[in-house]
> 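Below is a structure I'd like to ask you about.
In each ligand, atom 1 is the first atom listed, and ligand 1 is the first ligand listed.
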Amino acid sequence: MNTDKSPEIKITKTKQSNIGNVDFGNLPFGQVFTDHMFVCDYKDGKWQQPEIMPYQNICLDPSSKIFHYGQSVFEGMKAYKDDEGKIFLFRPLENQKRMNISSQRLAIPEFPEDYFMKGLSELLKLEKDWIPTTDGSSLYIRPFVIATGHGVHASASDAYKFIIICAPSGLYFSKRIKVKIEQYYSRAANGGVGYAKAGGNYGGSFFPTQKAIQQGYQQVIWTDDATHQYIEEAGAMNIFVRIGDTLMTAPKSERILDGITRKSLIDIAKDEGIPVEVRKFTVKELIEAQKKGELNEMFGAGTAAIISPISGFGFEDTDYELPEIKNDYASRLKKRITDIQYNRADDKFGWRFEVK
Ligand code: PLP
Ligand code: COI
């Protein structure tokens with residue numbers, strides 16, 4: 001990994017904060033951004049001196065490869081503030097590592113761990129007052145890399161920009177979602193980029209999702225591209241289902257994003273004594289369980305949405321409803337994970353990272 005020697009960060013503060021114009025009691029998800037951003041350029045074969053600067057537009061040559069070939073990756077993280085004003089991140093090194101796994105697949109140079117962690121920490125210390133504390137809110141953090149090299153030759157760029165922006169945010173979904181089990185479009189295929197957080201994976205999902213929305217659903221459940229029989233992901237979330245008392249989730253694969261929320265929930269569920277099965281399962285199994293009254297819960301899990309309960313699913317022109325049960329796993333697991341994230345409970349797994 002090529003870098004200049006140390007990640008000495010040049011900091012230029014804003015002259016005029018925008019914080020007074022933000023309604024913290026009524027925050028949308030990912031719409032309002034903080035005063036500063038972290039930027040680091042890659043050129044001449046190495047990452048240059050990182051900078052924190054006022055949030056601003058970026059100016060790029062129209063031939064930059066990001067515009068033509070979509071060479072980009074991103075991450076999604078959150079910062080939380082506890083009652084004493086201490087700032088926490090949740091398993092940030094997992095995001096840092098995954099970003100480099102994604103970068104490798106997109107032929108983007110890896111971003112060094114010390115640059116990532118120092119840049120993020122310095123930015124968060126500067127934006128401390130922007131971390132909301134109202135129920136269900138947090139500071140959503142979006143690190144991303146784009147190809148800025150010039151020229152429309154279809155090959156990897158020789159220049160990149162790594163940027164971190166932050167958005168004080170409320171809930172991603174405010175109520176249970178109704179999903180469509182996708183039988184035609186695919187999010188990912190073996191040998192493809194499904195396991196990477198590549199911008200294009202999301203761009204490619206918008207059209208099938210729009211169609212599902214027109215049909216009365218809020219999200220698409222992705223199935224395997226070869227047979228469309230196996231349940232894989234829930235939009236931009238990993239998927240969990242509860243049949244009887246067993247909690248199931250699809251195993252990691254080349255087509256599935258290795259979600260940090262997913263793997264944390266598996267550990268928490270096991271710790272709670274919940275029977276957990278990580279295995280492939282089919283649409284047919286879900287329908288049979290639903291007909292027998294054994295399909296008790298389905299939910300999506302991810303950083304942005306945390307845990308998003310599913311009210312029912314559509315498959316081949318039929319809608320299947322899920323009951324609203326007491327003592328549901330979704331609420332129990334959401335409480336356990338958010339109590340760790342917001343420093344309200346013991347961190348027995350060692351997942352919390354204090355920014356100081
Ligand atoms: N699956 C996809 C396709 C995603 O975009 C995300 C969101 O990041 C997830 C799963 C959940 O991953 P994580 O829990 O690390 O946010
Ligand atoms: C996240 O959960 O952080 C994501 O990246 C999902 C998203 C595309 C909003």
> I'd like the contact residues of ligand 1, where contact means a heavy atom below 4.0 Å.
Arg98, Arg187, Lys197, Tyr202, Glu233, Gly235, Ala236, Met237, Asn238, Leu257, Gly259, Ile260, Thr261, Ala301, Gly302, Thr303
> Is it true that Glu94 and Lys263 have a side-chain N and a carboxylate O under 4.0 angstrom from each other?
yes
> Would you mind checking if Asp114 and Lys118 are paired as a salt bridge, meaning a charged N to carboxylate O distance below 4.0 Å?
no
> Charged N to carboxylate O below 4.0 Å: is that the case for Lys125 and Glu122?
yes
> Mind jotting down which protein residues get a heavy-atom contact under 4.0 Å with ligand 2? Chain and number order, please.
Phe74, Gly76, Tyr140, Arg142, Tyr172, Lys197, Tyr202, Ala236, Thr303, Ala304
> Other hydrophobic cluster members with Val152, side-chain heavy atoms of Ile/Leu/Val/Met/Phe/Trp/Tyr under 4.5 Å, chained?
Tyr69
> Below 30° counts as parallel, above 60° as perpendicular, anything between as tilted: where do the rings of Trp47 and Tyr42 land?
perpendicular
> For Asn21, is the CG atom crowded, meaning more than 12 foreign heavy atoms sit under 6.0 Å from it?
yes
> Scan residues 230-261 for pairs that pass ring pair (Phe, Tyr, Trp, His ring centres under 6.0 Å), counting only residues two or more places apart or in two chains.
Phe240-Phe299
> Taking the six-membered ring for Trp, are the ring centroids of Tyr140 and Phe29 within less than 6.0 Å of each other?
yes
> Less than 4.0 angstrom from a charged side-chain N to a carboxylate O is my criterion; do Lys280 and Asp224 meet it?
no
